Amino acid sequence: MYPGPFDYVAASSVEEAVKLLQQHGDDGKVLAGGHSLLPMMKLRLATPGVLIDIGRIPGLAGIQVNGNVTLGALTTYTTIMDSAELSKACPLLPETAAEVGDMQVRNRGTVGGSVAHADPASDMPAAMLALDATFT
């Protein structure tokens, strides 16, 4: 099946993405890796009028470990899997990421998209719940 028609905008900053979301309201959806949203669109379970791509916004990807663990929304499963620092600080996350999909999904799929869509078949939201994670 094919998704319905939609417009596409690539945001260049968090501020621009927020402004676009405010402007488009419920008709706007954030696109990062697309591995959660695009299948929903193909099945017409999601029919946004505007996709707001945040994939090129600097600073939204990465891992920080400093007493707490911080994952940027655009951090891919592969980045989580390959992080030696994260393996020591919170091994559940790399172990969970290693079980997600196939190599293509792990290379492109993001933790932010997975958690935001809360697909019941997804592993990462369950891991975040088990860790009592907070989101900003």
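We're numbering straight along the sequence, starting at 1. All figures in this text were calculated on a predicted structure; none of them were measured in a lab.
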Steps toward side chain to side chain contact (heavy atoms under 4.5 Å, CB included) verdict (Glu16, Ile52): CA-CA 10 Å; Glu16 182 183 7; Ile52 302 162; over 6 Å; no

message: Taking Val9's backbone N and O only, do any of them form a donor-acceptor pair with Asp53's side chain (distance below 3.5 Å, no angle check)?
response: no

- prompt: Mind checking whether Val100 and Leu129 sit in one hydrophobic cluster, side chains of I, L, V, M, F, W, Y counted as touching below 4.5 Å?
  reply: no

- request: Give a yes or no answer on whether the side chain of Arg108 reaches the backbone of Thr76 with a donor-acceptor pair at less than 3.5 Å.
  value: no

- request: Answer with yes or no whether the hydrophobic clustering places Val115 together with Val14; edges join I, L, V, M, F, W, Y residues whose side-chain heavy atoms lie under 4.5 Å apart.
  value: no

field: Gln23, CD atom: more than 12 neighbouring heavy atoms under 6.0 Å
entry: yes

- prompt: Could you walk me through whether Ser12 and Ile57 pass the side chain to side chain contact (heavy atoms under 4.5 Å, CB included) check?
  reply: CA-CA 5 Å; Ser12 59; Ile57 298 177; 5.9 Å; no

query: What are the two closest heavy atoms between Pro39 and Ser36, and how far apart are they?
result: CD-O, 3.5 Å

- request: Apply the test side chain to side chain contact (heavy atoms under 4.5 Å, CB included) to residues Lys29 and Leu37: give CA-CA distance (whole Å), side-chain angles for both, the deciding distance (0.1 Å), then the verdict.
  value: CA-CA 9 Å; Lys29 295 290 180 205; Leu37 179 59; 4.1 Å; yes

query: Are the side chain of Thr75 and the backbone of Gly62 linked by a donor-acceptor contact shorter than 3.5 Å?
result: yes

task: Ignoring hydrogens and angles, tell me if any N or O in the side chain of Ser87 forms a donor-acceptor pair with the backbone of Ser83 under 3.5 Å.
output: yes

Single-linkage hydrophobic cluster, 4.5 Å side-chain cutoff, Ile63 and Leu60 together: no

- prompt: Is a side-chain donor or acceptor of Thr78 paired with a backbone partner of Arg106 at a separation under 3.5 angstrom?
  reply: yes

query: If we ignore angles and hydrogens, is there a donor and acceptor under 3.5 Å between the side chains of Tyr77 and Ser114?
result: yes

message: Same cluster or not: Leu31 versus Leu21, using hydrophobic residues (I, L, V, M, F, W, Y) connected whenever any side-chain heavy atoms lie under 4.5 Å apart?
response: no

field: Trace of the side chain to side chain contact (heavy atoms under 4.5 Å, CB included) decision for Leu71 with Thr79
entry: CA-CA 10 Å; Leu71 301 175; Thr79 301; over 6 Å; no

query: Tell me, do Met41 and Leu51 make a side-chain contact under 4.5 Å, heavy atoms counted?
result: yes

- prompt: Applying the 4.5 Å side-chain criterion to the ILVMFWY set and letting contacts propagate, would Phe135 and Ile80 be lumped into a single cluster?
  reply: yes

field: Where Met124 and Val111 come nearest, the two heavy atoms and their spacing
entry: CG-CG2, 3.6 Å

Taking every non-hydrogen atom, the tightest pair across Ala17 and Ile54: CB-CG2, 4.0 Å

